[in-house]
2 protein chains.
Amino acid sequence: MARVKEILLSHGGGGMATRRLIEEVFFKNFANPILAPLDDSAELPLKERLAFTTDSYVVKPLFFPGGDIGRLAVSGTVNDLWMKGAKPLFLASSFIIEEGIDFDLLEKVVRSMAATAKEAGVEIVCGDTKVVERGGADRLFITTSGVGRIWPGAEVSGAGAKPGDAVICSGTLGDHGMAILSRREGIEIKSSLKSDCAPLTPLLESLLKETTQIHSMRDPTRGGLATALNEIAYSSKVGIFLQEEEIPVREEVRGICDLLGFDPLYVANEGKFILILPSELASRALQALRSQPLGKDAALIGWVAEGPEGVFLKTRIGGTRPLLMLEGEQLPRIC
Amino acid sequence: MARVKEILLSHGGGGMATRRLIEEVFFKNFANPILAPLDDSAELPLKERLAFTTDSYVVKPLFFPGGDIGRLAVSGTVNDLWMKGAKPLFLASSFIIEEGIDFDLLEKVVRSMAATAKEAGVEIVCGDTKVVERGGADRLFITTSGVGRIWPGAEVSGAGAKPGDAVICSGTLGDHGMAILSRREGIEIKSSLKSDCAPLTPLLESLLKETTQIHSMRDPTRGGLATALNEIAYSSKVGIFLQEEEIPVREEVRGICDLLGFDPLYVANEGKFILILPSELASRALQALRSQPLGKDAALIGWVAEGPEGVFLKTRIGGTRPLLMLEGEQLPRIC
């Protein structure tokens with residue numbers, strides 16, 4: 001296949017194009033054993049087991065039902081640390097601001113970050129601010145980086161899923177993506193649809209106190225559940241089978257998805273995670289998750305098997321269809 | 001003074017406006033003892049003494065004589081760690097890319113980052129990529145964050161300067177800012193003017209092996225020498241006196257500055273640092289710096305005294321004038 005000559009939106013969509021960009025450009029040039037697992041966070045070989053991660057947030061609109069770019073920028077990075085089994089401790093935040101935005105808007109975002117950091121139990125300990133000329137950026141971009149301490153005994157990796165493992169989803173899927181989309185496209189649906197954007201701290205603390213025998217975790221953000229599980233399936237060289245009727249999706253989200261031709265399994269989430277662990281621990285893990293408000297809809301949605309590698313959906317009507325990696329993202333773009 | 005209603009370019013200029021933005025918005029809301037010193041890096045209270053920092057790079061043009069945004073993004077963050085006396089170990093890099101930029105351009109930048117990371121002895125261990133729609137960003141922004149290990153025995157802080165200390169500058173000032181400016185504004189001067197953009201690793205290793213009794217360090221980036229020293233003067237509650245004729249500035253830089261009405265003491269540098277340490281250690285420190293190519297022009301440029309707080313220049317003609325913090329930056333904007 002001829003290599004593309006310019007960067008396309010699909011390179012940021014979280015699907016195959018993003019994967020190729022990461023492998024062909026970043027991974028090839030930065031190659032080192034710490035980067036190699038391409039997990040949500042890197043484990044730093046220091047005296048303590050620390051995890052390190054970074055993410056840029058470019059969401060439009062900046063404020064949406066259930067959250068804002070500030071809440072997202074803290075939650076997203078906190079959650080990426082948790083996905084490596086690390087308790088988030090410290091965040092850095094860097095702002096790229098378009099000249100002319102309201103001072104009050106910026107302060108509102110910053111206050112939201114501070115509140116979310118408190119909720120997540122992290123401190124924002126360093127930062128940077130750049131202002132670019134009008135038209136040089138789309139109002140406000142935030143990049144957060146985080147350092148966390150890996151929970152004693154935890155060995156979590158995208159390559160850790162094993163045949164026989166249970167696949168658990170911590171709650172309903174698609175809320176974030178559909179909330180952003182309805183706000184952005186001005187879809188006026190009388191609905192209580194809200195982003196699920198939240199730090200996963202209470203859920204993960206509850207879970208890790210119950211068990212550290214976790215093989216794999218991932219938060220299904222860009223590209224949704226299907227993309228996150230495909231990454232695990234290929235890194236772990238396993239097949240992942242999902243039972244369609246067990247996957248929690250709100251009626252409302254399903255309705256809007258049907259209306260717009262989206263598949264909720266590919267829609268972004270910002271306060272959910274996928275947990276893969278030995279099946280004998282599944283009921284204890286579910287109990288630990290359901291004991292927290294954020295995890296009340298947690299469900300066992302599938303299992304891991306020996307190859308073929310990939311993700312497969314057992315449908316309500318009894319068939320099996322592969323859930324492929326998308327080339328980019330479902331359109332229109334969300335985050 | 002009435003509070004401004006919108007974000008101005010001067011809020012990103014590194015001067016008083018930036019300082020007020022940081023204090024009134026970020027520091028007020030994120031307040032915690034680790035952030036409080038507002039040094040170039042934060043010291044993390046972990047089992048090892050680690051430093052943590054972040055910076056966004058939005059330089060225009062992306063390629064300039066002596067460097068590019070990739071070299072800058074690695075050097076700048078590496079140098080911010082060194083300024084806390086920390087040996088840089090790990091970097092995270094996050095890219096915000098405008099749809100449509102050349103794939104080859106991106107790869108060229110990434111290769112430059114990889115080469116600079118190698119030169120600095122750090123590994124890029126995690127990252128993120130976002131693509132925004134055409135017009136949503138100015139081609140390419142890079143945010144890097146870094147983790148480093150504080151050199152045993154080092155206690156470096158912006159608040160650490162003490163009366164009697166010597167002030168040393170590691171080399172010529174103004175090269176980066178003037179190189180960017182001449183390229184950006186299309187000033188066609190037959191010159192070999194190049195950015196000094198470089199990781200300070202060889203200089204700092206040489207220095208720290210010689211002595212760890214360093215009171216204060218800062219790399220004079222946005223706002224230049226005058227701004228960096230004002231920050232130290234006010235944090236340390238001291239006066240800093242500089243001897244104008246000792247401050248190293250290339251003839252060529254001085255010439256372009258004169259032509260355009262710039263003061264080289266306020267122009268950005270990306271491969272220099274200011275060192276404040278007990279005066280009895282000054283000659284050993286100078287020797288350690290001059291033993292490295294990057295430090296061959298290192299010079300003792302002044303001393304620290306009891307108040308009045310601020311920075312004061314003893315001019316060639318025998319007068320003394322204060323070097324004030326600028327409100328924003330000298331115009332036109334550089335980085």
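Naming: A, B, ... by sequence-line order, numbering from 1 per chain.
In terms of heavy-atom pairs under 4.5 angstrom with chain A, the leader among B/R134, B/E48, B/R111, B/E98 is B/E48. Top candidate by heavy-atom pairs under 4.5 Å with chain A, chosen from B/G100, B/A114, B/G127, B/A92, is B/G100. Heavy-atom pairs under 4.5 Å with chain A were tallied for B/D39, B/D102, B/I124, B/I22; the largest tally goes to B/I124. With chain B as the partner, the residue from A/T18, A/I96, A/L8 showing the most heavy-atom pairs under 4.5 Å is A/I96. Listed options A/A115, A/G136, A/A137, A/A42 were ranked by heavy-atom pairs under 4.5 angstrom with chain B; first place goes to A/G136. Heavy-atom pairs under 4.5 Å with chain A were tallied for B/L89, B/L106, B/N29, B/D138; the largest tally goes to B/N29.
The aromatic rings of B/F26 and A/F95 sit tilted relative to each other, their planes meeting at an angle between 30° and 60°.
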task = Would you sort out whether B/K130 and A/D55 count as a side chain to side chain contact (heavy atoms under 4.5 Å, CB included), showing the intermediate values?
result = CA-CA 9 Å; B/K130 292 292 190 308; A/D55 247 334; 3.6 Å; yes
query = Checking side chain to side chain contact (heavy atoms under 4.5 Å, CB included) for the pair B/L50/A/L50: CA distance, chi angles, key distance, verdict?
reply = CA-CA 11 Å; B/L50 297 178; A/L50 297 178; 3.4 Å; yes
ask   = When you look at B/I97 and A/H11, which way does the side chain to side chain contact (heavy atoms under 4.5 Å, CB included) test go after all the steps?
value = CA-CA 9 Å; B/I97 308 172; A/H11 284 116; over 6 Å; no
query = What's the verdict on side chain to side chain contact (heavy atoms under 4.5 Å, CB included) for A/V25 and B/T129, showing C-alpha distance, side-chain angles and the deciding distance?
reply = CA-CA 11 Å; A/V25 179; B/T129 310; over 6 Å; no
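Closest non-hydrogen pair, A/S56 versus B/D128, comes out as N-OD2, 2.9 Å. In this structure, A/T53 and B/C126 approach most closely via the heavy-atom pair CA-SG, 3.7 Å. Across A/F52 and B/L91, no two heavy atoms sit closer than the pair CE2-C, 3.8 Å.
By the 4.5 Å heavy-atom criterion applied to side chains, B/F90 and A/P45 are counted as neighbours. Here the side chains of A/V110 and B/K28 are not in contact, with every heavy-atom distance at 4.5 Å or above. Side-chain contact between A/E24 and B/E107 is absent, with no heavy atoms from C-beta onward closer than 4.5 Å. Put simply, the side chain of B/K47 does not reach to within 4.5 Å of the side chain of A/L46, judged on heavy atoms.
Expressed to the nearest 0.5 Å, how far CD of B/E99 lies from OG of A/S10 amounts to 9.0 Å.
Against chain B, the residues from residues 139-147 of chain A that qualify, each with a non-hydrogen atom under 4.5 angstrom away, are A/F141, A/T143, A/S145, A/G146, A/V147 in number order.
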